[in-house]
Amino acid sequence: VLRALERADDSVALVFKLRGVVCQAARSSFACRVLEQIIHNSDAKVAAFIAEELLAEAETLSKNCYGVSIICRLLEHSSTAASTTMLVDAVLSVDVAALCCHKFGHCIAMSVLSNGSQRQRDQVLAALSGHAQRLARHRFAASVLLEAFTFGSDQEHSLLA
């Protein structure tokens, strides 16, 4: 499929044939790579289509190893798109501190800190600031804290300290 996408004259038409199965594909190790490649090589319209489909299962996919990688790619390549913003907002609408502690979910929190909007960054920072000492000792949340200190401003650093 990856080779077909690279060679196809009208790869966008080929991509839109995935309509209705994107959430299922997001749970597969092989199909996940295809979705990541599509996000990487396509325009914002195609990335928006993927984000819109993932929105239906945002919470579940935010804790799935393959779903997380797709959400992170969307943040990297189309963070300002309305559909990506809605997807990330849906992920952050649940317990952000728990997301930071999750084996796979913490990757989304890290990606939000480096690529997300200021409002989304503030949500992650607020979750971290309430429990910074406890989270600093947590296996996964410590990585999110490190990312916050790496990409954060001096004001954000003082909020976490």
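Numbering of residues begins at 1 and proceeds along the displayed sequence.
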Can you tell me how far apart CG (Leu160) and CG (Leu125) are? Round to the nearest 0.5 Å. 5.5 Å
For Phe149 and His157: C-alpha separation, side-chain torsions, deciding distance, then whether ring-ring contact (aromatic ring centres under 6.0 Å, His included) applies. CA-CA 6 Å; Phe149 280 111; His157 292 171; 5.3 Å; yes
Note, Arg73 side chain near Ser69 side chain (heavy atom, < 4.5 Å): yes
Who are the side-chain contact (heavy atoms from CB on, under 4.5 Å) partners of Arg119, not counting sequence neighbours? Thr85, Asp89, Ser117, Gln123
Donor-acceptor pair, side chain of Ser93 and main chain of Ala90, under 3.5 angstrom: yes
Shortest non-hydrogen contact from Arg121 toward Val112: CG-O, 3.4 Å
Quick one: does Ser111's side chain have a donor or acceptor within less than 3.5 Å of a partner on Cys107's backbone? no
I need the Cys101 SG to Asp95 CG distance, nearest 0.5 Å. 8.5 Å
Starting from Val46, can I reach Leu74 by hopping between I/L/V/M/F/W/Y residues whose side chains sit under 4.5 Å apart? yes
Enclosure of Gln118 CD (heavy-atom neighbours >12, cutoff 6.0 Å): yes
Partner of Ile50 under side-chain contact (heavy atoms from CB on, under 4.5 Å), picked from Leu55, Leu87, Leu35, is Leu35
Under a 3.5 Å threshold, yes or no: a donor from one side chain and an acceptor from the other, between Ser78 and Thr84? yes
Of the options Asn64, Leu54, Leu61, which is the one that meets Ile70 in a side-chain contact (heavy atoms from CB on, under 4.5 Å)? Leu54
Under the 3.5 angstrom rule, does the side chain of His102 hit a backbone N or O of Ala98 as a donor-acceptor pair? no
Any donor-acceptor pair under 3.5 Å from His138 side chain to Ala141 backbone: yes
Within this structure, what is the NE2-CZ distance for the pair His131 and Arg137, rounded to the nearest 0.5 Å? 12.5 Å
Examine distances only and state if a side-chain atom of Ser129 and a backbone atom of Ala126 form a donor-acceptor pair shorter than 3.5 Å. yes
Keeping Ser62 on the side-chain end and Glu59 on the backbone end, is there a donor-acceptor pair under 3.5 Å? yes
So, taking the atom named CG in Asp122 and the one named CG in Leu92, what distance separates them when rounded to the nearest 0.5 Å? 11.0 Å
Which atom names give the shortest non-hydrogen contact between Ser143 and Arg139, and what distance separates them? OG-O, 4.1 Å
Exercise: identify the closest heavy-atom pair between Val96 and Val124: CG1-CA, 3.9 Å
Straight-line distance of Phe104 CZ to Phe140 CZ, nearest 0.5 Å: 8.0 Å
Any chain of hydrophobic side-chain contacts (each under 4.5 Å) joining Val68 to Tyr66? no
Salt-bridge criterion met for Glu36 and Arg33 (N-O under 4.0 Å): no
Roughly how far apart are Leu145 CG and Cys100 SG, rounded to 0.5 Å? 8.0 Å
Decide yes or no for Leu135 and Val144: does some side-chain heavy atom of the first lie under 4.5 Å from some side-chain heavy atom of the second? no
Please list all pairs meeting ring pair (Phe, Tyr, Trp, His ring centres under 6.0 Å) that have one or both residues in residues 38-58, counting only residues at least two apart or in different chains. Phe16-Phe49, His40-His77
Is there a path of hydrophobic side-chain contacts, each under 4.5 Å between heavy atoms of I, L, V, M, F, W or Y residues, that connects Val21 with Ile71? yes
